[in-house]
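Throughout, protein chains are lettered first and strands after them, A, B, ... in sequence-line order, and every chain is numbered starting at 1.
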Number of protein chains: 2
Amino acid sequence: MESKCENCIVRQFNSLRALSKEELKKVSDSKISKKIMKGDSIFVEGQKLDGVYCVRKGVSKLSKLSSNGKEQIVKLTNKGEVMGQRSVVAEDFTNLSATAINDMEVCFIPKEIISNTLNTNPNFSLEVLRHMAHDLKEADDVIVNMSQKTVKQRLAEAFVYLKKNYGEDEFGFLLLTLSRDDYANIVGAATESLIRMISEFKKKGLIKTSGKKIGVVEEKTLQELADGF
Amino acid sequence: MESKCENCIVRQFNSLRALSKEELKKVSDSKISKKIMKGDSIFVEGQKLDGVYCVRKGVSKLSKLSSNGKEQIVKLTNKGEVMGQRSVVAEDFTNLSATAINDMEVCFIPKEIISNTLNTNPNFSLEVLRHMAHDLKEADDVIVNMSQKTVKQRLAEAFVYLKKNYGEDEFGFLLLTLSRDDYANIVGAATESLIRMISEFKKKGLIKTSGKKIGVVEEKTLQELADGF
DNA sequence: GAAAAAACATGATAATTATCAGTTTTTACA
DNA sequence: TGTAAAAACTGATAATTATCATGTTTTTTC
C-alpha cells in the first residue's frame with residue numbers, strides 16, 4: 001500500500017499545500033510513487049512531460065547541455081520541491097534534465113490534475129506563481145554570479161550554500177556529497193580548474209576533505225571570499 | 001485626456017489580455033501614464049514596488065548590481081512587457097533595477113488591482129504564470145550561456161538577438177542602439193574587452209558600425225559563431 | 001579479489017579576459 | 001560655438017581559466 005499525500009509532510013514546502021481536501025485526495029489517488037537510484041535520470045531536456053514530480057526524498061540536479069556538450073547545473077532541488085512545473089504550466093517541452101544525485105523517492109502527478117486545479121483553484125495558481133517568482137529571482141542571482149564572480153568566489157558560495165541547505169554530519173562534512181564533476185558543472189568551470197581550487201581551499205584550511213566528502217571549516221571566510229573580500 | 005487600456009495594442013502581448021471588460025476598465029481608470037527619458041530610472045533594485053509598469057513604447061534594461069559594483073543586465077524588455085510583476089506577485093522587494101534605454105512611455109498600474117484580479121480571475125493568474133514560466137526558461141538559457149560560452153560567442157548571439165527582436169533601419173543598422181557599456185553589461189565582460197571584440201567583428205566584416213550604431217552584416221556567420229563553430 | 005573503468009589529481013602551457021594607463025572622438029550644453 | 005565631460009578606443013600587461021598530458025586513487029564489475 002502506498003502512502004497518501006494527505007499525510008506527506010513535504011507537501012508543506014510546495015504549492016500543493018494550497019489544495020483543498022478533495023483536490024488533495026484526487027492527487028493522492030492518481031499519483032505514482034517512484035524510487036530512483038543515484039545517477040538515474042528522471043526526465044531529459046527537450047522531453048514532453050506528462051506530469052510533475054514531487055520530491056519526497058533525496059536530491060536531484062536540474063541541468064542543461066550547452067551547445068558545446070558541457071553540462072550546466074542550473075539548480076539543485078530541495079525537499080518538497082515540485083519538478084517540471086514550469087514545463088506543465090507553459091505546456092512546453094522541459095528545458096532542463098533532472099538527474100538523481102542520491103537515491104530518491106518522488107511522486108509523479110499527472111499533468112491533467114495539475115492543469116484542472118490551476119483552472120479551478122485560484123489559490124493554487126497563486127501558490128504556483130509565488131514559487132515560480134521565487135525561482136525566477138534565484139535564477140537572476142545565478143546569472144549575476146556567473147557573469148560577475150570568479151570561479152573561486154562561486155565555489156566558496158557553493159560550499160556555504162550546500163552547508164546551509166543540506167546540512168552537515170556529526171564530523172562536519174556536507175551531507176550532500178557531490179562529485180568534482182558536479183561541482184564543476186555548478187560553478188561553471190573545467191573539472192581540472194575546479195579540482196585545483198578545492199586543493200587550494202583545503203591548503204588554506206577553509207575546507208577539509210575525506211574522499212569525496214567535503215567539510216566546511218571556515219564558513220565566515222568562505223562567505224567573505226564569495227562576497228569579494 | 002489619456003488614452004485607454006481598452007484601445008491599447010500592447011495589451012495583446014502581455015498578461016492583461018486575460019482581463020474581462022470590467023477588469024480592464026478598472027485598470028484603465030487607475031493607471032497612470034508616464035513618460036520616461038532615456039537614461040532615467042523607473043525603479044531600483046531593493047525597492048518596494050507599489051505596482052507594475054506596462055511598457056507602451058521604448059526599451060528598458062533590467063539589471064542588477066553585483067557585490068563588486070558592476071552592473072549586469074539580465075534582460076531587455078520588449079514592447080508590451082509588464083515590469084515588476086515578479087515582485088508584486090511575490091510581495092517582495094524588486095531584485096532588479098529598470099532603466100530606460102531610449103525614451104519610453106509606460107503605464108503604472110497599482111498593485112492592489114493586480115492582486116485583486118489575481119485572486120478573482122484564474123485566467124489572469126494562469127496568463128501571468130505562463131509569462132513567468134517563459135521568463136524562467138529564458139533565464140535558464142542565460143545562465144548556461146554565461147557559464148559555457150565565451151564573451152565572443154555571447155556577443156555574437158547578442159547581435160543576432162537584437163536584430164531579431166528590435167529590427168534594423170533601412171541601412172541595416174540595429175534600431176536599438178546601445179552604448180558599449182551596455183553591451184559589456186549584457187554579455188558580462190569588461191567594457192574594454194567588449195570594445196576590442198567589436199573592433200574584431202568589424203575587421204572580419206561580420207558587423208558594421210557608424211558612431212554608436214551597429215549593423216549586422218553576416219548574420220549567419222554570427223549565429224554559427226554563437227553556436228560554437 | 002583482480003582487472004577495468006571512473007574519478008581524482010597535478011604540471012605545463014595556451015587561451016581568454018581583466019586591468020591599468022593612457023589617447024582620441026563624440027556629445028552635451030553654457 | 002567653444003569647452004568640459006563622457007564615451008569610445010588602443011596598447012601593454014597581469015590575472016584567470018581552459019586544455020592537454022599524464023599519473024594516482026577509488027570504485028565497480030565479473
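Between C/dA18, D/dT16, C/dT17, one nucleotide has an atom nearer to the side chain of B/Ala190 than all others, and that is C/dA18.
Taking atom CD of A/Gln148 as the reference point, atom P of D/dT16 lies 16 Å away to the nearest angstrom. Rounding to whole angstrom units, NZ of residue A/Lys149 and C1' of D/dA15 are separated by 19 Å. Here the P atom of nucleotide C/dT17 and the CE atom of B/Met146 are 12 Å apart, to the nearest Å. Rounded to whole Å, the distance from CD on B/Glu192 to P on C/dT23 is 16 Å. The distance from atom CD1 of A/Ile214 to atom P of C/dA7 is 15 Å, rounded to the nearest whole Å. The separation between A/Lys70 atom NZ and D/dT19 atom C1' is 12 Å, rounded to whole Å.
Contact check of residues 174-188 of chain A against DNA chain C (heavy atom, cut-off under 4.0 Å) returns A/Ser179, A/Arg180, A/Asp181. Contacts between residues 194-204 of chain B and DNA chain D, counted as heavy-atom distances below 4.0 Å, involve B/Ile195, B/Arg196, B/Ser199.
Heavy atoms from other residues, nucleotides or ligands lying under 6.0 Å from NZ of B/Lys57 number 12 at most.
Looking at residues two or more places apart in sequence or on another chain, you find a salt bridge (Lys or Arg N to Asp or Glu O under 4.0 Å) between A/Arg130 and A/Glu127. Evaluation of the side-chain hydrogen bond (donor to acceptor under 3.5 Å, both in side chains) rule for A/Lys202 yields A/Thr209 as partners, not counting sequence neighbours. Legend: residues meeting side-chain hydrogen bond (donor to acceptor under 3.5 Å, both in side chains) with B/Thr191, ordered by chain and number and at least two apart, are B/Asp181.
Not a single donor-acceptor pair under 3.5 Å links the side chain of B/Arg180 to the backbone N or O of B/Leu194.
Comparing B/Gly211 and A/Gly211 by the nucleotide of DNA chain D whose heavy atom lies nearest to each, the residue mapping closer to the 5' end is B/Gly211. For the pair B/Lys152 and B/Lys38, nearest-nucleotide mapping onto DNA chain C gives the more 5' position to B/Lys152.
Applying the salt bridge (Lys or Arg N to Asp or Glu O under 4.0 Å) test to residues at least two apart or on different chains, the pairs with a partner in residues 35-45 of chain B are B/Lys35-B/Glu105, B/Glu45-B/Lys64. Sorted by first and then second residue, the salt bridge (Lys or Arg N to Asp or Glu O under 4.0 Å) pairs with a member in residues 147-161 of chain A read A/Lys149-A/Glu157, A/Lys152-A/Glu200; sequence neighbours excluded. Among pairs with a residue in residues 208-217 of chain A, none fulfils salt bridge (Lys or Arg N to Asp or Glu O under 4.0 Å), at least two apart in sequence or across chains. Pairs passing the ring-ring contact (aromatic ring centres under 6.0 Å, His included) check and including a residue from residues 35-69 of chain B, sequence neighbours excluded, read B/Phe43-B/Tyr53, B/Tyr53-B/Phe108. Annotation: side chain to side chain donor-acceptor pair (under 3.5 Å) contacts involving residues 215-229 of chain B, sequence neighbours excluded, comprise B/Lys163-B/Glu219, B/Gln223-B/Asp227. Among residues at least two apart or in separate chains, there is no salt bridge (Lys or Arg N to Asp or Glu O under 4.0 Å) pair with a member in residues 185-197 of chain B.
If one axis is set at each end of the helix from C/dG1-D/dC30 to C/dA30-D/dT1 from five pairs, those axes are 50° apart, to 10°.
Under 4.0 angstrom from either OP1 or OP2 of D/dA8 there lies at least one side-chain N or O belonging to B/Lys212.
At the heavy-atom level, B/Ser193 lies under 4.0 Å from base atoms of the strands shown.
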